[in-house]
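Here is the structure we will look at, set down as structure tokens.
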Protein chains: 2
Amino acid sequence: MRSSTHFTIALHVLTLLASHPGEALTSDFIAGSVNTNPVFIRRVLAALRRSRLVTSQTGPGGGWLLTHAARDVTLRDVFRATEEGALFALHSSTPNPKCPVGGNIQDILGRRFEATQRAVERELEQTTIADLVKEVQARSS
Amino acid sequence: MRSSTHFTIALHVLTLLASHPGEALTSDFIAGSVNTNPVFIRRVLAALRRSRLVTSQTGPGGGWLLTHAARDVTLRDVFRATEEGALFALHSSTPNPKCPVGGNIQDILGRRFEATQRAVERELEQTTIADLVKEVQARSS
DNA sequence: ACAATCGTCACTATATTGGTGTCAATTCAA
DNA sequence: TTGAATTGACACCAATATAGTGACGATTGT
């Protein structure tokens with residue numbers, strides 16, 4: 001099963017930002033919580049910025065901030081911002097079009113996979129970043 | 001998004017087998033429909049055999065056969081046989097346990113991801129290999 | 001005995017992933 | 001104005017995953 005950690009890292013970082021409302025966090029500080037390096041963090045956050053979920057500010061006192069209230073950002077929003085492409089890969093080389101199965105299977109499976117992806121997104125929609133913050137607080141109190 | 005093509009290939013092959021009921025198909029023939037090489041096909045089918053979805057037979061006239069009626073095999077069964085591990089990866093290195101977020105986020109996200117995986121499996125359960133065969137026949141008639 | 005077929009291994013090429021270093025650009029503050 | 005902090009954007013590397021290919025022994029039907 002292939003899947004990058006970007007989705008997970010993004011959720012971690014957004015939860016961290018939401019736990020420090022109004023405070024710009026540096027990629028260096030964030031990397032300390034995630035246990036990785038600042039460049040990787042900036043790569044993940046750059047994708048979130050493209051989707052307008054965060055903003056960044058250079059210079060001293062700079063760093064990263066949420067652009068929306070945590071209760072308005074669902075896991076689906078983050079999923080779409082970080083995971084590009086489909087959940088399941090189709091064939092790496094096109095199947096034989098002369099075979100009745102080979103000639104139709106990609107189209108048929110593609111439709112099923114889209115339905116599955118919609119099911120995933122419906123599930124992810126049920127949770128917001130604010131929910132994650134609440135859970136962290138409940139566990140660390 | 002990472003994800004091997006094994007799930008897709010397995011569905012293709014099972015649909016092909018179900019389209020030739022009672023007939024043992026060789027990995028060479030199957031590879032011709034999938035447009036790949038027989039060794040790769042045997043690798044994918046070996047996983048399906050471990051889950052008792054197919055059997056194989058060596059020697060002349062040998063090949064691969066379904067062990068169950070196509071209407072009794074759901075996409076979820078194939079998913080479980082081919083996709084090992086979770087749908088979403090957690091962090092590649094453990095987050096900082098001294099941070100309230102880092103110390104709890106993996107457990108919290110793990111539960112959400114399990115719920116998502118259950119949603120995927122519920123969706124995949126709705127379709128059988130027999131459904132795929134029917135769709136192929138409807139399109140190639 | 002022969003040929004067909006699977007079972008499995010080794011090797012390769014390619015792509016992806018994450019880690020690291022570097023340096024220019026921006027920006028705040030002394 | 002100078003200097004330091006910080007992002008932005010590269011390039012490069014190591015490790016891993018993926019799929020393609022060849023090879024060869026084991027099994028089995030004719």
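Residue numbers start from 1 in every chain, and the chains themselves are labelled A, B, ... in the order their sequence lines are given, proteins ahead of strands.
We find that CZ of B:Arg42 is positioned 14 Å from P of D:dA23, with the value rounded to whole Å. The interatomic distance linking B:Phe29 (CZ) with C:dA4 (P) rounds to 17 Å, in whole Å. Spacing between atom CZ of A:Phe40 and atom P of C:dT16 amounts to 15 Å, rounded to whole angstrom units. Between B:Phe7 atom CZ and D:dA19 atom C1' there is a gap of 19 Å when expressed in whole angstrom units. In this structure, A:Leu45 atom CG and D:dT6 atom C1' are separated by 13 Å, rounded to whole Å. If you measure from atom CG of B:Leu25 to atom P of C:dT5, you get 11 Å, rounded to the nearest angstrom. Taking atom CG on A:Asn37 and atom C1' on D:dT6, their separation rounds to 15 Å, with Å as the unit. When rounded to the nearest whole Å, the span between CD1 of A:Ile41 and P of C:dT20 equals 12 Å.
Rounding to the nearest 0.5 Å places CG of B:Asp131 at 10.0 Å from CD of B:Gln126.
Considering only side-chain atoms of B:Ser27, the nucleotide from D:dG20, C:dT20, C:dC6 that sits closest is C:dC6. Ranking C:dT20, C:dC6, D:dT21 by closeness to the B:Arg49 side chain, first place goes to C:dC6. Here D:dT6 is the nucleotide among D:dT21, D:dC10, D:dT6 with the atom lying nearest to any side-chain atom of A:Thr26.
Using a 4.0 Å cut-off between charged side-chain N and carboxylate O, B:Glu135 and A:Arg112 make a salt bridge.
With hydrogens and angles disregarded, a donor-acceptor distance shorter than 3.5 Å links the side chain of A:Thr74 to the backbone of A:Arg76.
Between A:Thr36 and C:dG19 there is a side-chain N or O to OP1 or OP2 distance below 4.0 Å. For D:dA19, the OP1/OP2 oxygens have a side-chain nitrogen or oxygen of B:Thr5 closer than 4.0 Å.
Side-chain to base pairing of A:Arg43 with D:dG8: no donor and acceptor N or O lie closer than 3.5 Å to each other.
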Point to revise | side chain to side chain contact (heavy atoms under 4.5 Å, CB included) evaluation trace for A:Thr128 with A:Val73 | key: CA-CA 5 Å; A:Thr128 69; A:Val73 180; 5.9 Å; no
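Contacts of residues 54-65 of chain B with DNA chain D (heavy atom under 4.0 Å): B:Gln57, B:Thr58, B:Gly59, B:Pro60.
Nearest-nucleotide positions on DNA chain C place B:Pro38 closer to the 5' end than the other of B:Pro38 and A:His6.
Side-chain contact of B:Arg42 with B:Ser27: a donor-acceptor pair under 3.5 Å is present, judged by distance alone. Between the side chains of B:Thr55 and B:Arg49, no donor-acceptor pair of N or O atoms lies under 3.5 Å.
The number of heavy atoms from other shown groups lying within 6.0 Å of CZ (A:Arg52) does not exceed 12.
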